[in-house]
4 protein chains.
Amino acid sequence: MEAGDGTVAERVRADSVRNRRLLLRAATEAFAECGVDVPMSEIAQRAGVAKGTVFRHFPTKDDLLVAIMMQLLDRLLGTADRLMRAADAGHALRDFMAHGIGLLAADRAFCEVIGRPSLQHAEVRDAIDRLCERAEDLTARAREQGAVRADITGTDVVLLLGGIHQTAQPLLDREPRAWQRFLEIAFDGLRARNSAVLPYPPPARLRVADPAGSPHAVHT
Amino acid sequence: MEAGDGTVAERVRADSVRNRRLLLRAATEAFAECGVDVPMSEIAQRAGVAKGTVFRHFPTKDDLLVAIMMQLLDRLLGTADRLMRAADAGHALRDFMAHGIGLLAADRAFCEVIGRPSLQHAEVRDAIDRLCERAEDLTARAREQGAVRADITGTDVVLLLGGIHQTAQPLLDREPRAWQRFLEIAFDGLRARNSAVLPYPPPARLRVADPAGSPHAVHT
Amino acid sequence: MEAGDGTVAERVRADSVRNRRLLLRAATEAFAECGVDVPMSEIAQRAGVAKGTVFRHFPTKDDLLVAIMMQLLDRLLGTADRLMRAADAGHALRDFMAHGIGLLAADRAFCEVIGRPSLQHAEVRDAIDRLCERAEDLTARAREQGAVRADITGTDVVLLLGGIHQTAQPLLDREPRAWQRFLEIAFDGLRARNSAVLPYPPPARLRVADPAGSPHAVHT
Amino acid sequence: MEAGDGTVAERVRADSVRNRRLLLRAATEAFAECGVDVPMSEIAQRAGVAKGTVFRHFPTKDDLLVAIMMQLLDRLLGTADRLMRAADAGHALRDFMAHGIGLLAADRAFCEVIGRPSLQHAEVRDAIDRLCERAEDLTARAREQGAVRADITGTDVVLLLGGIHQTAQPLLDREPRAWQRFLEIAFDGLRARNSAVLPYPPPARLRVADPAGSPHAVHT
DNA sequence: AATGAATGAGAATTCATTCAT
DNA sequence: TATGAATGAATTCTCATTCAT
């Protein structure tokens with residue numbers, strides 16, 4: 001009974017919870033539209049609060065950015081879990097991709113965060129790892145059902161989310177669903193009938209900062 | 001009198017030309033490595049000149065960025081022209097994409113510039129338009145030879161350059177050629193045997209900032 | 001009904017008194033350890049109350065600082081009063097100084113407050129004036145008993161408290177009693193056998209902020 | 001010939017050198033008057049330059065503070081060196097102290113910097129170490145000539161500089177030479193005729209940050 | 001009365017751009 | 001023309017103080 005039990009102690013927080021929500025929404029929008037370089041003051045303004053309030057909720061800009069990314073990733077993880085129960089694994093994988101790209105389609109910051117090692121926080125990296133694992137679960141089923149090539153991995157799928165989104169991005173302002181075209185193309189490329197071996201082995205992991213050697217030799 | 005060949009004025013101009021070249025090279029590197037937020041002072045330092053000299057050659061940072069982008073686009077245009085003479089049009093189209101992605105693979109700034117309407121200068125947009133036209137020429141031949149789907153356009157191909165690059169980007173630090181994998185997947189998706197109609201019509205143009213209506217109705 | 005002794009209003013007041021005490025203790029510690037720049041939030045936390053409560057008791061940070069200083073000064077005044085009853089006036093004066101420096105030795109803020117005119121509140125200045133008077137009473141007895149030079153005043157003694165403390169301060173972290181060494185040196189300097197006239201007349205008052213002229217001409 | 005040889009290369013710097021001097025002067029004043037918390041903008045304004053110019057010359061506020069401290073310490077070191085050649089070592093030691101206190105008398109920041117471990121930069125600490133060594137050289141001669149107690153060290157002398165300054169500080173606004181009075185008292189306390197053993201052993205070093213144990217046992 | 005969320009003035013610092021030399 | 005010093009707007013973040021609950 002989230003709204004019915006307001007004791008005094010909880011009611012004090014009601015404003016704060018509302019502001020936090022406003023902030024996350026405003027920040028999601030602002031990052032999506034303007035990228036990670038959007039000033040905190042802009043986010044505060046969009047949320048209708050003072051600058052100080054942003055910092056009360058998120059002590060640093062990075063914390064806010066991480067929170068936004070985690071929101072996105074958590075939703076994706078939830079979707080992946082849900083789709084594991086679908087009968088048609090190929091369909092489920094496609095739906096997962098569609099959902100993921102749909103989320104990204106509104107988000108300029110994601111590309112920047114994913115691409116920049118300097119912005120990679122442990123929490124976000126871990127969530128991406130988990131996402132790759134879930135995506136691998138979905139992909140494994142699709143492989144077993146013969147819906148996709150044998151050498152496609154969950155990490156491929158996650159990478160393609162960002163890539164397909166990026167492909168359509170220049171069009172999104174005017175045609176917000178244009179990414180569907182490129183998802184279709186990419187998914188056709190993943191299908192099992194494309195039997196020729198891919199010219200480069202599957203990626204192992206997305207961890208960027210690890211100074212260790214690459215996980216497998218370069219394939220000529 | 002370095003080479004006995006000129007007046008003082010000419011020598012001065014020669015220095016200037018040399019500095020411009022140094023600057024373009026340094027800026028290309030710096031933008032590629034660090035993205036568009038790299039400070040002008042960093043570029044000046046890499047070029048071995050003073051900050052003022054950068055601004056003499058490029059009155060604003062945007063001008064420099066445009067010059068870099070034009071360089072990149074010019075090279076791509078040249079490649080497209082050259083490949084028009086290849087016999088196998090499907091092969092040629094693939095080579096064009098490989099060359100384009102290879103250029104982008106070393107360039108952090110390109111994704112950022114393409115994605116940000118605020119950074120889109122008329123000159124760059126025009127060059128991208130021209131690139132789409134050349135890509136369309138290559139694509140038309142490939143379509144005619146049955147190498148790719150009937151409803152694939154040059155603009156699709158140009159958009160895919162950025163998208164495929166973005167797909168592989170998180171891997172590029174450790175595996176600089178990982179994009180080849182995703183080019184193969186995408187190109188398989190473009191092939192003619194994928195005959196099902198795409199769920200979204202081909203994009204007409206890439207002009208981002210124009211507030212005019214979209215060129216065709218959204219496809220449900 | 002904690003002790004069965006009061007109405008709700010009285011209990012509330014009791015809490016308030018308790019909080020005030022907690023706050024003074026916490027603030028004394030915090031100012032002593034960290035200096036005047038310690039944030040109010042730190043003080044609230046140390047006291048185990050919310051920030052708002054600090055401001056209910058002390059409307060501004062300055063008010064709190066003044067309260068702390070008054071505490072310190074009151075203790076010193078009490079010590080001075082007590083020592084007026086000692087038989088050996090020289091000994092008493094020394095004990096007064098030792099007690100004062102001991103208090104300061106644990107207090108980073110005092111030096112900062114004393115040194116900064118901007119922080120000098122009327123109340124604190126008045127207390128310092130009173131302290132100088134009490135110190136003068138002690139000093140007068142010591143002068144009469146031949147324990148210190150004839151031209152030493154109470155104000156000299158009060159100033160020396162801060163000075164001796166400051167002398168030892170860099171050592172206090174590792175050797176909390178190091179000030180005893182410098183008190184001994186200074187007190188030896190005050191003794192009557194040092195009969196040569198001091199090269200500068202005794203200070204009249206400590207009032208710092210008054211823009212009026214100096215109380216006596218500069219001695220060349 | 002500092003001013004006579006202005007080549008082009010050096011003339012370019014002429015402004016800069018002048019601004020640096022203005023800045024050091026303004027900062028010395030500002031720190032002396034207001035303490036280390038004076039805003040950089042205040043220093044810029046006093047120097048008549050823009051904020052950015054301060055940061056061009058001193059990349060961080062700490063750098064500026066260190067520069068100011070080093071200026072002061074260098075002057076003191078120079079004085080110590082000069083006074084080593086004086087015949088009367090007691091007189092020389094006193095002159096050293098007078099000179100040091102005179103420098104400090106105009107400087108509020110010194111006390112704060114000396115007292116706050118967090119502000120102790122290696123460079124400053126090293127200079128203070130060197131100053132203690134020079135002071136020890138002067139003190140050793142004075143000890144040998146019987147001018148001061150046998151157990152007074154150079155570190156004592158350096159500590160007394162700050163202490164005597166602090167003693168007089170509240171008076172300095174109105175009576176800039178009041179410190180002479182307290183120097184006389186302190187120096188009388190140092191004299192050899194005060195033969196009673198001091199109640200605390202001499203300090204070994206001023207290094208504050210070292211987490212090692214204290215250099216000698218506490219003397220009761 | 002207590003709480004702790006919100007406020008907003010201000011601090012250090014960065015960097016594109018201008019301009020004197 | 002090249003230089004690099006100066007500028008000042010913008011940005012992140014802090015903290016005393018106010019105020020709704």
Side-chain angles (χ1 to χ4, degrees), chain A residues 6 8-20 37-42 44 47-62 64, chain B residues 8-9 11-13 15-16 19 37-45 49-62 64, chain C residues 8-9 11-16 19 37-44 49-62 64, chain D residues 6 8-20 37-44 48-62 64:
Chain A
V8 172
E10 276 158 357
R11 235 188 271 131
V12 168
R13 271 188 181 163
D15 279 32
S16 182
V17 167
R18 186 176 143 274
N19 270 343
R20 190 185 174 89
D37 287 334
V38 69
M40 291 296 259
S41 54
E42 165 81 15
V49 302
K51 247 182 328 182
T53 304
V54 188
F55 287 95
R56 155 167 280 275
H57 287 276
F58 304 97
T60 71
K61 192 179 181 177
D62 265 9
L64 177 52
Chain B
V8 170
R11 246 189 302 124
V12 168
R13 177 133 11 130
D15 270 16
S16 180
N19 273 344
D37 287 334
V38 70
M40 290 294 262
S41 55
E42 165 82 15
I43 294 170
Q45 205 181 354
V49 303
K51 254 191 325 183
T53 305
V54 187
F55 285 91
R56 166 163 298 276
H57 288 277
F58 304 96
T60 71
K61 192 180 183 178
D62 265 10
L64 177 53
Chain C
V8 170
R11 246 193 302 124
V12 167
R13 180 135 6 133
D15 269 16
S16 180
N19 273 344
D37 287 334
V38 71
M40 289 296 261
S41 54
E42 165 82 15
I43 292 170
V49 302
K51 251 191 327 182
T53 305
V54 187
F55 283 92
R56 167 164 295 278
H57 287 278
F58 305 96
T60 71
K61 191 179 184 178
D62 265 10
L64 177 52
Chain D
V8 171
E10 277 160 356
R11 237 187 269 134
V12 169
R13 271 189 179 164
D15 279 33
S16 183
V17 167
R18 188 177 143 271
N19 271 343
R20 189 184 176 90
D37 288 332
V38 70
M40 290 296 259
S41 55
E42 165 82 14
I43 293 170
V49 303
K51 247 182 330 182
T53 303
V54 188
F55 287 93
R56 156 165 280 275
H57 288 275
F58 304 96
T60 70
K61 192 179 181 179
D62 265 9
L64 177 53

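Residue numbers begin at 1 in each chain, while the letters A, B, ... track the order of the sequences. What you see is a predicted model; the values in this text were computed from it and never measured.
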**Request:** Take A:Ala50 and C:Val49, find for each the nucleotide of DNA chain E with the closest heavy atom, and name the residue whose nucleotide sits nearer the 5' end.
**Result:**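 On the 5' side of the pair lies C:Val49.
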**Asked** Can you tell me how far CG of C:Leu64 sits from CD1 of C:Ile43, rounded to the nearest 0.5 angstrom?
**Response**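 CG of C:Leu64 is found 5.0 Å from CD1 of C:Ile43.
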**Request:** Report the distance from atom NE2 of A:His57 to atom C1' of E:dG4, rounded to the nearest whole Å.
**Result:**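 Result: 11 Å.
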**Prompt:** Can you check the A:Phe58 CZ to F:dT12 C1' distance for me, whole Å?
**Reply:**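 So the two atoms are 16 Å apart, to the nearest Å.
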**All pairs passing side-chain hydrogen bond (donor to acceptor under 3.5 Å, both in side chains) where residues 50-59 of chain B contributes a residue, at least two apart** =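 Pairs touching residues 50-59 of chain B that pass the test: none.
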**Message:** Reading DNA chain F from 5' onward, which residue's closest nucleotide shows up sooner: B:Arg56 or D:Val17?
**Reply:**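 Comparing both residues, the 5'-ward one is B:Arg56.
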**Request:** Begin from the C-alpha positions of D:Lys61 and D:Phe55 and carry the test side-chain contact (heavy atoms from CB on, under 4.5 Å) through to its verdict.
**Result:** CA-CA 8 Å; D:Lys61 192 179 181 179; D:Phe55 287 93; 5.7 Å; no
**Message:** Give the dot-bracket line for DNA chain F from 5' end to 3' end: parentheses for intra-strand Watson-Crick or G-U pairs under 3.5 Å, square brackets for crossings, | for inter-strand pairing, dots for unpaired.
**Reply:** .||||||||||||||||||||
**Asked** How does protein reach along nucleotides 9-15 of chain E, written 5' to 3' as B (base within reach of a heavy atom under 4.0 Å), S (only sugar-phosphate), or - (no contact)?
**Response** -BSSBB-
**Request:** Find the distance between CE (A:Met40) and CZ (A:Phe58) and round it off to the nearest 0.5 Å.
**Result:**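 If we round to the nearest 0.5 Å, A:Met40:CE and A:Phe58:CZ are 8.5 Å apart.
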**Prompt:** What's the CG-C1' distance between A:Asp15 and F:dT18, to the nearest Å?
**Reply:**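 Taking atom C1' of F:dT18 as the reference, CG of A:Asp15 is at 15 Å.
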**Asked** Does D:Thr60 have any side chain to side chain donor-acceptor pair (under 3.5 Å) partners at least two apart in sequence or in another chain, and if so, which?
**Response**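 Result, side chain to side chain donor-acceptor pair (under 3.5 Å) vs D:Thr60: D:Asp63.
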**Asked** In whole angstrom, what separates D:Arg20's CZ from F:dG4's C1'?
**Response**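 One finds 15 Å between C1' of F:dG4 and CZ of D:Arg20, rounded.
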**Asked** Can you name the residues that form a side chain to side chain donor-acceptor pair (under 3.5 Å) with D:Glu42, not counting sequence neighbours?
**Response**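 Once residues adjacent in sequence are excluded, the partners of D:Glu42 under the side chain to side chain donor-acceptor pair (under 3.5 Å) criterion are D:Arg46.
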**Item:** C:Asn19 vs E:dA1: side-chain N/O to OP1/OP2 distance below 4.0 Å
**Value:**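 For E:dA1, neither OP1 nor OP2 has a side-chain N or O of C:Asn19 closer than 4.0 Å.
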**Prompt:** Does the side chain of B:Thr53 get closer than 4.0 angstrom to OP1 or OP2 of F:dT3 through an N or O atom?
**Reply:**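 Yes, because at least one side-chain N or O of B:Thr53 sits under 4.0 Å from OP1 or OP2 of F:dT3.
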**Nearest-0.5 Å distance that lies between atom CG in D:Asp37 and atom CG in C:Asp37** =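 One finds 4.0 Å between CG of D:Asp37 and CG of C:Asp37.
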